[in-house]
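The shown structure was predicted, so the numbers you read here are calculated from the model rather than taken from an experiment.
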Amino acid sequence: MISSFKQSTLALKVPDFLLSRSPVQAQAGHLPFLPQINNRRNFIVSLSKPLHVVSPEAFSTSLKKSLKHEKVQSLISCKAYEADKSEPISESPSVKSEAARRLKIGIYFATWWALNVIFNIYNKKVLNAFPFPWLTSTLSLAAGSLIMLISWALRIAEAPKTDLDFWKTLFPVAVAHTIGHVAATVSMSKVAVSFTHIIKSGEPAFSVLVSRFLLGETFSPSVYLSLVPIIGGCGLAALTELNFNMTGFMGAMISNLAFVFRNIFSKKGMKGKSVSGMNYYACLSMLSLLILTPFAIAVEGPQMWALGFKESLSQIGPQIIWWMAAQSVFYHLYNQVSYMSLDEISPLTFSIGNTMKRISVIVSSIIIFHTPVRPINALGAAIAILGTFLYSQAKQ
């Protein structure tokens, strides 16, 4: 056991034969040179720097060996006059900050997955009882916009400093985001949640194809090879889906393509913009709401909404209002957390987290909605998700 002292006094009881020799160096360290003094029996060596003492027994043994086993008795006695009581050994600040960062990322991921699962459950419940995906999508964006406006007004979150140039660069991102959001909601209104997410796991294939043929980017062979299980798995899952619907399938495919363009526009347009992930998504929701609202009115309209709501209210009861509010709020929250996590992690870690999120949604929706799944269908889903994971690894 090692003791540490700020000011220590080492009293050495030194036999005569030691003082007749040259300074000694012990194996465990360097013994201070012994001065020539008149009092040959006892003297004090004071050290102003911290003194580390292993143990008298170990030191005595090492000294005996260096003196060729000459008799050394009562060699060392230690007295600490000022002990350092208030400096326990602790981790460095960098180690603590890294541990805190990892914990923060873990909390982000767990919250992101949980909120996404809850959103998908309530979203499917609403669409089963109230099959109006355009209005449902609009309510999701409206709830998020309202939440952030209140947060800025109450100074819960700091409002972003934007200009006209910011909104111009955000516009194409918002258009792609709106299309992807509505298409995914339309898909979920026609097919099972699990099937929509299986098809949406094929998004990396669209990303590579668009980047290669429209942007001229090149990729390594491993990236192209990772697309084989993605495309094959999605195809197998689609062909063996018991409740296949072409509108649902095409909605998921269009959503994939739209989100690929959203990511491309976002990367190109937002370089150098100092807006946090949370505020960026808030601005994106508001602009998407302005884009979507007139189209939702044109496609479905207030009259259809009123009739549909009256019917769902008679079948489900007031609970349908809670379902609609919950799916709207949880949609914003899970997207907000995912954008906040992008500020803390690398794109590779985010891709892996997104893959794991999709697995959690697929499994939970199958369990909650008792979705019938054949083994060959489950195999297709597993292959597609594995391909997505391999893609995220190869891409980096």
Side-chain angles (χ1 to χ4, degrees), residues 112 116 137 140-141 169-188 195-220 222-235 237-238 247-271 273 277 280-281 283-285 287-288 291-292 331 334-335 338-339 341-342 345-358 361-362 381 384-396:
W112 175 24
N116 191 262
S137 301
S140 301
L141 296 173
T169 56
L170 188 64
F171 183 77
V173 182
V175 170
H177 178 73
T178 304
I179 295 171
H181 176 41
V182 173
T185 309
V186 169
S187 175
M188 280 193 244
F195 179 70
T196 298
H197 279 273
I198 290 169
I199 302 304
K200 281 179 67 63
S201 65
E203 186 178 323
F206 286 88
S207 180
V208 170
L209 293 175
V210 169
S211 299
R212 177 68 184 88
F213 293 107
L214 294 184
L215 302 179
E217 294 184 18
T218 57
F219 301 93
S220 65
S222 58
V223 171
Y224 292 113
L225 288 174
S226 69
L227 301 182
V228 175
I230 293 175
I231 297 171
C234 288
T247 303
F249 174 75
M250 291 305 299
M253 296 288 279
I254 292 171
S255 178
N256 280 341
L257 187 61
F259 283 144
V260 166
F261 278 105
R262 180 193 66 178
N263 296 338
I264 291 173
F265 293 145
S266 182
K267 287 177 184 176
K268 283 180 173 277
M270 299 311 296
K271 285 182 180 178
K273 306 292 183 184
Y280 177 78
Y281 181 70
C283 295
L284 181 62
S285 295
L287 193 52
S288 294
I291 296 169
L292 176 58
Y331 172 79
Y334 101 75
N335 276 288
S338 71
Y339 272 83
S341 66
L342 273 173
I345 59 178
S346 66
L348 173 61
T349 306
F350 184 84
S351 297
I352 296 171
N354 198 41
T355 303
M356 300 304 295
K357 176 210 74 175
R358 214 170 287 288
V361 171
I362 291 171
I385 292 170
L386 175 62
T388 304
F389 176 77
L390 294 175
Y391 167 81
S392 66
Q393 299 290 315
K395 188 74 161 49
Q396 296 300 317

**OP:** Work out which heavy atom in Phe265 is nearest to a heavy atom in Ala176; give both atom names and the distance.
**Re:** CD1-CB, 4.4 Å
Original post:
Can you name the nearest heavy-atom pair linking Ser220 to Ala394, along with the distance?
Top reply: OG-O, 4.2 Å
Subject >> Nearest heavy atoms of Gly387 and Ile230, plus distance in Å >> reply: C-CG1, 3.3 Å
Original post:
Looking only at atom types and distance, does a side-chain atom of Ser392 sit under 3.5 Å from a main-chain N or O of Phe389, one as donor and one as acceptor?
Top reply: yes
Original post:
In terms of ring plane angle, is the pair Phe195 and Phe249 parallel, tilted or perpendicular, where the classes change at 30° and 60°?
Top reply: tilted
Original post:
Rounded to the nearest 0.5 Å, how far does NZ of Lys200 lie from OG of Ser187?
Top reply: 8.5 Å
Original post:
From Thr178 OG1 over to Leu287 CG, what is the distance, rounded to the nearest 0.5 angstrom?
Top reply: 7.5 Å
Subject >> Side-chain donor/acceptor of Ser255 to backbone N/O of Ala183, under 3.5 Å >> reply: no
Subject >> Chi angles and distances behind the side-chain contact (heavy atoms from CB on, under 4.5 Å) call for Tyr224, Arg212 >> reply: CA-CA 11 Å; Tyr224 292 113; Arg212 177 68 184 88; 3.3 Å; yes
**OP:** Using the test side-chain hydrogen bond (donor to acceptor under 3.5 Å, both in side chains), find all partners of Thr218 that sit at least two apart in sequence or belong to another chain.
**Re:** none
Subject >> Heavy-atom pair with the smallest gap, counting every atom of Phe206 and Val260 >> reply: CB-CG2, 3.8 Å
**OP:** Quick one: pull up CZ in Arg262 and NE2 in His177 and give me the separation to the nearest 0.5 Å.
**Re:** 6.0 Å
Original post:
Are any non-hydrogen side-chain atoms of His181 and Ser288 less than 4.5 angstrom apart?
Top reply: no
**OP:** Please name all residues satisfying ring pair (Phe, Tyr, Trp, His ring centres under 6.0 Å) with Tyr391, sequence neighbours left out, ordered by chain then number.
**Re:** none
**OP:** State whether the side chain of Asn335 and the backbone N or O of Tyr281 hold a donor-acceptor pair below 3.5 Å, judged by distance alone.
**Re:** no
Subject >> Intermediate values then yes/no, side-chain contact (heavy atoms from CB on, under 4.5 Å), Asn354 and Arg358 >> reply: CA-CA 6 Å; Asn354 198 41; Arg358 214 170 287 288; 3.6 Å; yes
Original post:
Do Leu214 and Ile264 touch side chain to side chain, with heavy atoms closer than 4.5 Å?
Top reply: no
Original post:
Do Ser137 and Tyr331 have side-chain atoms, one donor and one acceptor, less than 3.5 Å apart?
Top reply: no
Subject >> Separation between CD1 of Ile291 and CG of Leu141, rounded to the nearest 0.5 Å >> reply: 9.5 Å
**OP:** State, with a plain yes or no, whether a side-chain heavy atom of Asn263 is found less than 4.5 Å away from one of Glu203.
**Re:** yes
Original post:
How far apart are the closest heavy atoms of Ala174 and Leu284, and which atoms are they?
Top reply: CA-CD1, 3.5 Å
Original post:
At their closest point, which heavy atom of Cys234 faces which heavy atom of Ser201, and how far apart are they?
Top reply: SG-OG, 3.9 Å
**OP:** Verify side-chain contact (heavy atoms from CB on, under 4.5 Å) between Phe261 and Val173, making sure each step is shown before the conclusion.
**Re:** CA-CA 8 Å; Phe261 278 105; Val173 182; over 6 Å; no
**OP:** Answer yes or no: does atom CZ of Phe171 have more than 12 heavy-atom neighbours from other residues, nucleotides or ligands under 6.0 Å?
**Re:** no
Original post:
So how far is it from Gln393 CD to Thr388 OG1, rounded to the nearest 0.5 Å?
Top reply: 12.0 Å
Subject >> Atom pair CG/CG of Leu390 and Leu225 - distance to nearest 0.5 Å >> reply: 10.0 Å
Original post:
Are the side chains of Leu170 and Cys283 in touch, meaning some heavy atoms are under 4.5 Å apart?
Top reply: yes
